[in-house]
Amino acid sequence: MKHILSALVLVGVLSSCNSSTKNKAEESAMEETVVDSTALEVKTNFVPIDSDEALVAASLMAAPAESRDGCKVIGYNMAGNFVTFKEGDNEFIVLVDDPKTNGFNAACYHKSMEPFMARGRELRAEGKTGPEIFDIREEEAKSGKLDMGTPGATLHLYYGPSDRYDPETSKVEDAQYRYVVYLPFATAESTGLPEQPISSNHPWIMNPGTHRAHIMITPTGMVH
């Protein structure tokens, strides 16, 4: 009988120890979670883009890192004027995010595309709609009046729903990248690409057979 009682007592002690150890492990894990969460909060230092300097710094993230210093930077400043923020000496032009619109959308494109881009801005300033701009540039490109730039010239987009950025890194909150490779009048047949993406990060051709034919590439796992 004593042996049975001793065994029961031992089992109870072990169960108590195991339960205590488990509780301590759970408490420790919870504490680590709190610490990790606190550390994460400290690392995120997003603030509103509220100056021309901040606007340029955040928009330059659209360009390849090694090319940012030499990019020409243009676009609407905080006062609402279209200006050249700085001249450049490489192949890229950065169009800053329009501070008057919601979210963030900056672009970096090959300088050979400037006539095409500038024409679009000019027509929008005249009050033309998207379809009207498309038709006008389509006709001008086909006639040779509008220079479409070097075939294969690329547009880099850096965009997202937020208008806040990290002053230390210049990264915009929840922004991601998209790449657009312009191949005027290319088709699915001439490129071998589908006209719809097969998956979220699969390249495909948009506006095939037109002046705006381009390859769309949206990488996954590149949110900053």
To the closest 0.5 Å, what do you measure between [atom1] ([X]) and [atom2] ([Y])?
{"X": "Asp50", "Y": "Tyr165", "atom1": "CG", "atom2": "OH", "answer": "7.5 Å"}
{"X": "Ile93", "Y": "Tyr109", "atom1": "CD1", "atom2": "OH", "answer": "4.5 Å"}
{"X": "Asn77", "Y": "Lys100", "atom1": "CG", "atom2": "NZ", "answer": "8.5 Å"}
{"X": "Arg164", "Y": "Asp166", "atom1": "CZ", "atom2": "CG", "answer": "10.0 Å"}
{"X": "Ile49", "Y": "Phe104", "atom1": "CD1", "atom2": "CZ", "answer": "5.0 Å"}
{"X": "Ile217", "Y": "Leu157", "atom1": "CD1", "atom2": "CG", "answer": "12.0 Å"}

Of all heavy-atom pairs between [X] and [Y], which one has the smallest distance, and what is that distance?
{"X": "Pro99", "Y": "Asp97", "value": "CD-O, 3.1 Å"}
{"X": "His156", "Y": "Tyr179", "value": "ND1-CE2, 3.3 Å"}
{"X": "Gly75", "Y": "Val96", "value": "CA-CG2, 3.8 Å"}
{"X": "Met61", "Y": "Thr169", "value": "SD-O, 3.9 Å"}
{"X": "Met78", "Y": "Ser51", "value": "CG-C, 3.6 Å"}
{"X": "Asp174", "Y": "Pro161", "value": "O-CD, 3.9 Å"}

*Less than 4.0 Å between a side-chain N and a carboxylate O, is that true for Arg137 and Glu122?*
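Between Arg137 and Glu122 there is no salt bridge, as every charged N stays at least 4.0 Å from the carboxylate O atoms.
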
Transitively linked via ILVMFWY side-chain contacts under 4.5 Å: [X] with [Y]?
{"X": "Met148", "Y": "Leu183", "result": "no"}
{"X": "Leu146", "Y": "Met113", "result": "yes"}
{"X": "Val181", "Y": "Leu193", "result": "yes"}
{"X": "Val94", "Y": "Ile74", "result": "no"}
{"X": "Leu60", "Y": "Val83", "result": "yes"}

Should [X] and [Y] count as side-chain neighbours, where that means a heavy-atom distance under 4.5 Å?
{"X": "Pro64", "Y": "Cys108", "value": "yes"}
{"X": "Lys128", "Y": "Ile136", "value": "yes"}
{"X": "His211", "Y": "Glu139", "value": "no"}
{"X": "Val180", "Y": "Met216", "value": "yes"}
{"X": "Lys142", "Y": "Phe185", "value": "yes"}
{"X": "Thr154", "Y": "His110", "value": "no"}
{"X": "Leu155", "Y": "Met117", "value": "yes"}
{"X": "Asn105", "Y": "Asp98", "value": "no"}

Between the main-chain N or O of [Y] and the side-chain N or O of [X], is there a donor-acceptor pair closer than 3.5 Å?
{"X": "Ser190", "Y": "Ala186", "value": "no"}
{"X": "Asp147", "Y": "Pro115", "value": "no"}
{"X": "Thr150", "Y": "Ala153", "value": "no"}

Heavy-atom count around [X] [atom1] within 6.0 Å, excluding the residue itself: above 12?
{"X": "Glu168", "atom1": "CD", "result": "no"}
{"X": "Lys86", "atom1": "NZ", "result": "yes"}
{"X": "Asp69", "atom1": "CG", "result": "no"}
{"X": "Tyr76", "atom1": "OH", "result": "no"}

*Verify the ring-centre separation between Phe116 and Tyr182: is it less than 6.0 angstrom?*
yes

*Between Glu132 and Leu123, does a side chain to side chain contact (heavy atoms under 4.5 Å, CB included) hold up when you go through it step by step?*
CA-CA 9 Å; Glu132 288 174 329; Leu123 292 171; over 6 Å; no

*Evaluation steps, side-chain hydrogen bond (donor to acceptor under 3.5 Å, both in side chains), between Gln176 and Tyr159*: CA-CA 6 Å; Gln176 61 182 356; Tyr159 66 100; 2.9 Å; yes

*Might you work through the side chain to side chain contact (heavy atoms under 4.5 Å, CB included) test for Thr187 and Ile205, ending with a clear yes or no?*
CA-CA 7 Å; Thr187 63; Ile205 188 165; 5.6 Å; no

_Using the rule given for side chain to side chain contact (heavy atoms under 4.5 Å, CB included), can you reason through Trp204 versus Ile198, listing the C-alpha separation, both sets of side-chain angles and the distance that settles it, and then say yes or no?_
CA-CA 8 Å; Trp204 57 289; Ile198 293 174; over 6 Å; no

